[in-house]
Structure formats: C-alpha cells, structure tokens
2 protein chains.
Amino acid sequence: MKKKIGKKRQITLSDIAATVGVAPMTVSRVLNQNGYVSDETRDKVLSVAKEMNYRRNGLARNLKRQRTETIGLVLGDISNPYSTELARAVRQAATANDYNLFICISEHSAEEDIAAFESLTSHSVDGLIVATRANDAGDEYLKSIVENNVPVVVIGRDFYHENIDYISADNLAGGFEATQHLVDLGHRRIGFIGAAFDQETKLKRLQGYFNALEKHGIEIDERLVTGRREVRSGVPGYSTEEIGYEGMKRLLSLPKRPTAVFARNDFTAIGAMTAIKEASLRIPQDVAIIGFDDIPLASHMSPSLSTVRQPMRLQGQIAAELLLKRIESESFPEREERILNCELIIRESTVSRKS
Amino acid sequence: MKKKIGKKRQITLSDIAATVGVAPMTVSRVLNQNGYVSDETRDKVLSVAKEMNYRRNGLARNLKRQRTETIGLVLGDISNPYSTELARAVRQAATANDYNLFICISEHSAEEDIAAFESLTSHSVDGLIVATRANDAGDEYLKSIVENNVPVVVIGRDFYHENIDYISADNLAGGFEATQHLVDLGHRRIGFIGAAFDQETKLKRLQGYFNALEKHGIEIDERLVTGRREVRSGVPGYSTEEIGYEGMKRLLSLPKRPTAVFARNDFTAIGAMTAIKEASLRIPQDVAIIGFDDIPLASHMSPSLSTVRQPMRLQGQIAAELLLKRIESESFPEREERILNCELIIRESTVSRKS
DNA sequence: TGTTAAAAAGTTAACGATAACACATCCGCA
DNA sequence: TGCGGATGTGTTATCGTTAACTTTTTAACA
C-alpha cells in the first residue's frame with residue numbers, strides 16, 4: 001500500500017520571499033547572514049523559513065558561487081586502519097577550516113579509481129586528495145583533472161605532476177629498517193610476504209628489504225619473497241591476513257625455511273603469525289616476524305607484533321593543509337613533496353621478552 | 001615562487017559549441033548520447049571536447065535534471081570493520097545501479113551528525129543511508145530531511161519514522177546468545193564490558209545480556225558492567241581496545257572477579273584479552289571471553305576469539321536496495337524493517353581446544 | 001511530384017541561488 | 001540646509017546545463 005502519490009516540489013527562496021512579501025534576495029541575505037536586513041524582516045524570514053521547512057539547494061548555490069567548500073578524498077582499501085586514520089585526520093582538518101569532506105572508495109580497479117575522480121570532480125569539489133595506488137589510466141585521468149585547475153594532493157601514490165603535492169611515509173627507509181632489525185638479530189634467511197617477486201617492482205617496502213639485504217651481503221633468494229599475484233591489471237590490491245597466512249605456509253614449506261619474516265603490513269603479519277602457530281613453531285624463537293603500519297591491534301597480539309610505525313594522521317593532516325593552501329591560493333603554489341619518517345617499534349614478535 | 005597567475009575559467013558546453021559552430025544543445029546531445037546528431041557533428045564535437053579537456057559541470061547538470069544519481073552514507077566510527085564492510089556493500093550496490101556513493105564521517109557528536117546530513121542533502125543526494133547511533137538532535141534533523149521528501153534508510157540506528165526503512169542486526173538476540181553460551185559453559189559471574197551500567201539503556205547487546213542472566217536466575221551485579229562513561233552528550237562513542245583493556249582491569253580488581261566476560265564488540269574483547277594475559281590468567285580456563293561482530297582478526301587472535309557474527313555486508317546491501325527502491329519510486333513505499341539474524345561463533349576464548 | 005515522417009539541428013526558458021548594482025531612507029554633523 | 005555615509009531593500013543577470021518546443025533538412029514512398 002502506498003501512502004501519498006507524487007513528491008512535492010522543494011521549497012525555494014522565492015517561496016519564502018512570496019510568503020513574507022519581500023524579494024528573494026532579501027531572504028538570501030537573511031539566510032547567509034550578509035548584507036543589511038532589518039531585525040523585523042530577519043525574524044519574519046527566519047520563522048517562515050523554519051515553518052516551511054526550507055532547505056537550501058546547494059547545487060544552485062554552489063553553481064552560482066563557483067565553489068562548494070567541499071573536498072573529496074579517494075581511498076583504496078577502506079578496511080585498512082591506515083586509510084581510516086587518514087580519513088579522520090583529513091576530516092578534522094577540513095572541518096576546522098569549514099570544508100565538508102566527501103569520501104569515495106575505489107577498491108579494485110583503475111575504472112573504479114576513475115569513477116571516483118569523476119564523481120567527485122563532476123560535483124565540483126574544490127579539491128581532491130587521492131590515496132589510492134598508482135595505475136596508468138588513473139594517472140592519466142588525474143593529470144587531466146589537474147590541468148582543469150582542480151587542486152590535487154596525492155598520498156602514498158607514486159605519481160609526479162608539477163601541480164600536485166606529494167605526501168608519503170618513507171616506506172623505503174621503513175622497509176630497510178625493518179629488515180636491518182632482523183639482520184641485527186642475527187637472521188640471514190629473511191622472508192618477505194605481501195608481494196610477488198617479479199611484480200610490484202615499485203613497492204618501496206620491498207625495495208627497502210632488498211637494499212638492507214644487499215647492504216649486509218645477503219643474497220636475495222627469490223623463493224623467500226611471496227605474495228598473491230595480482231589477478232587484475234590496474235590498481236594493485238592490498239595485502240591481507242589471508243595473504244599473510246597463505247604466504248607464510250608457502251615459506252614454511254620451503255626446504256630451508258626462513259628464520260625471520262618481514263610482512264608488508266600488519267594484517268599480513270597477523271595472518272602469517274597464525275600460520276606459524278599452526279605449525280607449532282615459536283615466535284620469535286623459531287620464526288621472528290615484523291610488520292608495517294603499527295595498527296592499534298599490533299600491540300594486542302600475542303606475542304605483540306614488532307612493526308614499523310608510519311605517521312598516519314600526520315599524512316592526512318599535511319595533505320589537507322596543502323590542499324587547502326592550493327584551494328585558497330589565487331595562483332599555483334610550487335609543488336611540495338613530504339616524505340615522513342617512520343619509526344621502528346620493537347615488540348615480542350622479534351625479541352622475546354626478558355623478565 | 002608562483003607559476004601562473006589566475007586560474008582559467010572552466011570550459012563549458014558553449015565554448016565547445018562556439019568552436020565547432022553548433023548550438024550548445026547539440027553538444028549536450030552528443031555528450032549525453034540522446035537525441036539525433038549526425039555522425040559528422042558527433043565526431044567533431046567529441047574531438048573538440050577532448051582537445052579542450054572539457055569536463056562537465058555536475059552542479060549545473062544536476063540542478064537542471066533535479067537528480068544527482070548519488071547517494072550519501074553517513075558512518076560513525078570509520079575504523080570499525082563493521083562500518084567499512086557496510087560501506088563496501090553499499091558502494092557495490094550503488095555502483096551496480098549506476099549511482100555514486102559519497103561517504104561522510106560523523107565521529108563524535110550530534111553536531112557532526114547533523115553537519116554530515118547537511119552537507120550531503122545540500123548537495124542534493126538522491127537518498128541517504130545513516131549508520132550512526134541515535135541522538136536527539138540528529139533524529140530531529142533526520143525527521144526534517146525526510147519531511148523534505150529525501151529518501152532515508154537507517155542501519156542500526158534506533159529511530160522510528162513512517163517513511164524511513166530500518167535495518168539492523170538482531171543485537172538483542174545476539175547479546176542473549178553470547179551470554180547464554182557463557183552460562184551454558186557453567187559461568188555464573190559474567191561481566192559485560194563496553195557500556196556504563198546506567199547509561200546506554202538502549203544498547204541492545206547489553207539488554208540481551210540482562211535478559212539471559214534473568215532467564216537463568218542470575219542476579220545482575222552492577223559492578224560487573226563496566227565501560228567508559230560518555231563524556232559528551234549526543235552521539236555515543238564506540239567501544240575500543242583501550243576501553244576493553246581498562247574495563248577488564250577494573251573487573252579483575254573486583255573482590256570476586258568474573259569468570260567470563262561478554263564484550264560489546266571484538267575490539268573491546270581484544271583489549272580485554274590483553275589485560276587478562278597481563279594478569280597472568282589463562283583464557284578461557286581462568287576467564288572466558290566472547291566478543292561481538294566477528295571481525296576478520298577475531299580468528300587470528302590467540303586464543304582465537306569466540307564472538308557473535310553479524311551480517312555486515314548484508315545490512316549494507318539491503319539498505320542500498322531499499323534506498324534505491326525509495327528513490328526510484330514515484331510514491332512513498334511502505335516502511336520496511338529488517339532485523340537480521342546473528343550467528344554464534346565458538347572459538348578458543350570460551351572453550352579450550354581439545355586435541 | 002507531393003506528402004509525411006524521421007533526422008538533425010536550433011531556440012527558449014528554466015533549475016535555485018546570489019553577485020553586483022541601483023535605489024531609497026535615515027541619521028549625524030559641518 | 002545639505003552632504004555623505006550607513007542601512008535596508010529591490011532588480012537584473014548569470015552560474016552551466018538540459019527539457020521542451022520549434023524549425024529546417026533529408027529520406028522515403030505512393
């Protein structure tokens with residue numbers, strides 16, 4: 001059974017104006033609190049507006065004003081605390097500067113990446129923060145957006161453009177430190193979980209791992225690097241518990257298994273830990289493991305997870321600041337690039353507790 | 001140093017029209033692929049559009065068309081896998097039906113709740129899915145939105161309105177089952193972590209706990225119910241690892257500590273587990289613990305965490321479906337209410353492994 | 001060859017809001 | 001008395017697009 005038929009027309013400024021007996025412009029002035037309006041008129045307008053349940057039409061308003069006071073954030077894997085912390089920080093900065101934040105998710109492919117850019121820019125967001133992984137089609141599209149003078153800032157996305165600011169954690173140094181830490185503990189056979197050996201050549205964390213091994217004269221063993229092969233071309237996925245679990249199983253079944261493992265991120269590490277425990281091996285005595293990100297749960301694992309902390313909030317905050325600067329600047333600011341330091345967090349999964 | 005001064009005007013349909021030598025309407029027809037256009041004109045328009053890097057102005061378009069093909073989703077705690085799974089499901093359904101999805105976060109307060117509603121509705125989203133916790137001011141505002149004929153669906157938000165569909169997991173039954181499970185294992189002193197005793201009286205999971213105790217003639221002990229008191233009025237926060245950790249410490253320090261604990265959600269449970277381990281007590285022999293949600297990590301904890309699984313994706317999917325139905329209906333569909341079953345997942349944190 | 005319909009455009013008028021300007025009053029002070 | 005500024009309000013045009021209508025051209029067939 002249906003209730004009423006037909007949806008009513010939305011209430012406009014003119015409706016209020018007609019009811020009160022003034023010009024629409026006067027109503028606009030009242031509602032935007034600018035220009036001169038007598039107290040009497042103001043009160044009347046406000047009460048009528050409330051009575052008619054008026055809600056301003058942002059489309060019309062923004063069209064006329066040529067700005068939306070809204071910024072867009074494109075996230076890849078939204079399940080990742082990295083993304084969510086980023087989002088929170090961006091939101092906070094946006095709110096503090098009276099900007100709204102719209103978030104779009106682009107999960108798997110370049111098409112989704114582009115769809116997200118498209119839907120945000122076509123809604124005329126004042127600026128865009130992009131935190132998805134690089135892919136050719138998306139990069140191409142981003143470029144065309146920027147060349148349409150939409151301010152853009154990228155976070156952790158490997159993409160250079162003269163008018164795009166770049167922010168990232170220092171994944172290269174982080175990957176290096178994590179591996180170095182394992183080497184310092186005496187490990188020589190060190191695995192990497194989270195990326196296929198011959199793919200993701202741009203993955204900085206993996207490069208850091210290679211660099212550290214090289215520095216210490218440890219030969220790189222292809223079999224020790226494992227991860228699910230990306231099925232789709234386009235945007236690479238993110239590594240999960242499941243991938244960590246599977247990857248660890250593979251590593252453990254090697255003739256000469258690694259004595260330590262560096263996982264691409266904490267989720268991957270947690271999955272790997274499960275596999276190690278299932279094999280009745282001890283962490284860290286039999287296999288040491290270190291993750292990346294320092295998600296809140298890392299310290300609650302048992303054993304607690306060593307990891308590399310990256311400044312998640314800070315990245316979001318800086319991104320928002322740079323974006324707002326771009327938005328509010330009349331001209332084109334010089335490109336800024338910020339690579340933020342990571343911090344090695346040593347816990348029980350690499351060094352057994354002494355007490 | 002600045003690069004160029006002044007931002008160029010955006011390219012419009014008329015610009016293309018002028019260049020090609022046709023009317024703007026013809027260009028519009030080409031770009032929207034409707035109406036008759038000769039192949040020759042089409043090609044010319046498309047090539048000029050591409051050359052000029054034309055990007056349509058969605059504000060103007062949507063204003064004229066009176067719809068945006070966009071839906072809004074308001075989330076509370078974005079860090080929670082519950083929220084993120086919801087978002088993914090909603091996005092999937094939206095995309096499949098050619099709708100965009102904008103997500104807004106409302107973290108702490110009624111004001112933020114309202115700001116999110118405001119920014120989405122003022123952008124004229126075609127409909128709104130709300131998954132934040134109920135609060136008076138927000139409810140009031142929601143009501144006014146609905147009465148402006150914006151389709152709304154709420155998920156897990158305790159709020160009744162004739163024209164708003166309601167979706168939720170059966171938290172009451174879930175809380176009951178979790179507690180019942182502990183009782184079945186022989187526990188009589190069962191704690192609850194995640195809500196203050198005298199607050200959150202509407203919290204269904206807590207009510208389920210009370211109901212189960214009552215059913216088995218176990219007296220409710222106020223001291224066994226613990227959680228951080230909400231500082232702000234307005235939107236209640238969510239329970240976290242930290243709260244679980246603190247809460248468990250309090251429970252363990254009681255003269256007669258509980259032998260089992262039901263945590264409001266898995267994060268809280270995980271925090272509680274850390275506190276239990278720190279006290280050198282065994283799980284589940286000394287203290288059994290069960291959570292709620294079944295986040296992916298629950299099975300990776302050690303011991304693995306018993307919990308109540310709620311259908312996260314399904315809630316999002318149904319919400320999207322109901323919303324799209326409302327959007328596409330000319331009239332007002334009858335209100336729908338869907339309470340989805342939860343599932344008890346028994347793991348090692350309540351029943352020790354036999355093998 | 002004329003009639004009619006389909007195809008390919010163009011014209012007009014909004015969508016709802018506001019910037020920019022114009023026009024009244026009113027007040028104070030030289 | 002008059003002049004300038006503050007105050008209050010109205011008018012006009014426009015943001016960029018498209019729905020609805022009109023006009024012109026082409027094709028099709030009796």
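So you know, we letter chains A, B, ... as the sequences are listed, proteins then strands, and number each from 1.
Nearest approach of A/Ser124 to B/Asn57, heavy atoms of both residues: OG-OD1, 4.0 Å. When all heavy atoms are compared, the tightest approach of A/Gly76 to A/Thr132 is N-CG2, 3.4 Å. The two residues A/Tyr99 and A/Thr70 make their nearest non-hydrogen contact at CD2-N, 3.7 Å.
Look at B/Lys143 and B/Glu140 and you find no salt bridge, because none of the NZ, NE, NH1 or NH2 atoms lies under 4.0 Å from a carboxylate O.
Along DNA chain C, read 5' to 3', the first and last nucleotides having any atom under 4.0 Å from a heavy atom of chain B are C/dA7 to C/dG16.
Considering only side-chain N and O atoms, B/Arg61 lies nowhere under 4.0 angstrom from the phosphate OP1 or OP2 of D/dG16. At D/dT18, none of the side-chain N or O atoms of B/Gln66 fall inside 4.0 Å of OP1 or OP2 (strictly under the cut-off).
Residues from residues 20-43 of chain B placing a heavy atom under 4.0 Å of any atom in DNA chain D, listed by number, are B/Met25, B/Ser28, B/Asn32. A heavy atom closer than 4.0 Å to some atom of DNA chain D occurs in no member of residues 114-123 of chain A.
A/Phe102 is linked by a ring pair (Phe, Tyr, Trp, His ring centres under 6.0 Å) to B/Phe102, B/His123, counting only residues two or more places apart in sequence or in another chain.
Distance, A/Arg65 CZ to D/dG16 P: 16 Å, rounded to whole Å. Atom pair A/Leu13:CG and D/dT11:C1' shows a separation of 15 Å (rounding to whole Å applied).
The salt bridge (charged side-chain N to carboxylate O under 4.0 Å, His left out) test with A/Asp165 is passed by exactly one of A/Arg335, A/Arg326, A/Arg157: A/Arg326.
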Between the protein and nucleotides 3-5 of chain D, which nitrogen or oxygen pairs come in under 3.5 angstrom?
none

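Between its opening and closing five pairs, the helix from C/dT1-D/dA30 to C/dA30-D/dT1 changes axis direction by 50°, a value rounded to 10 degrees.
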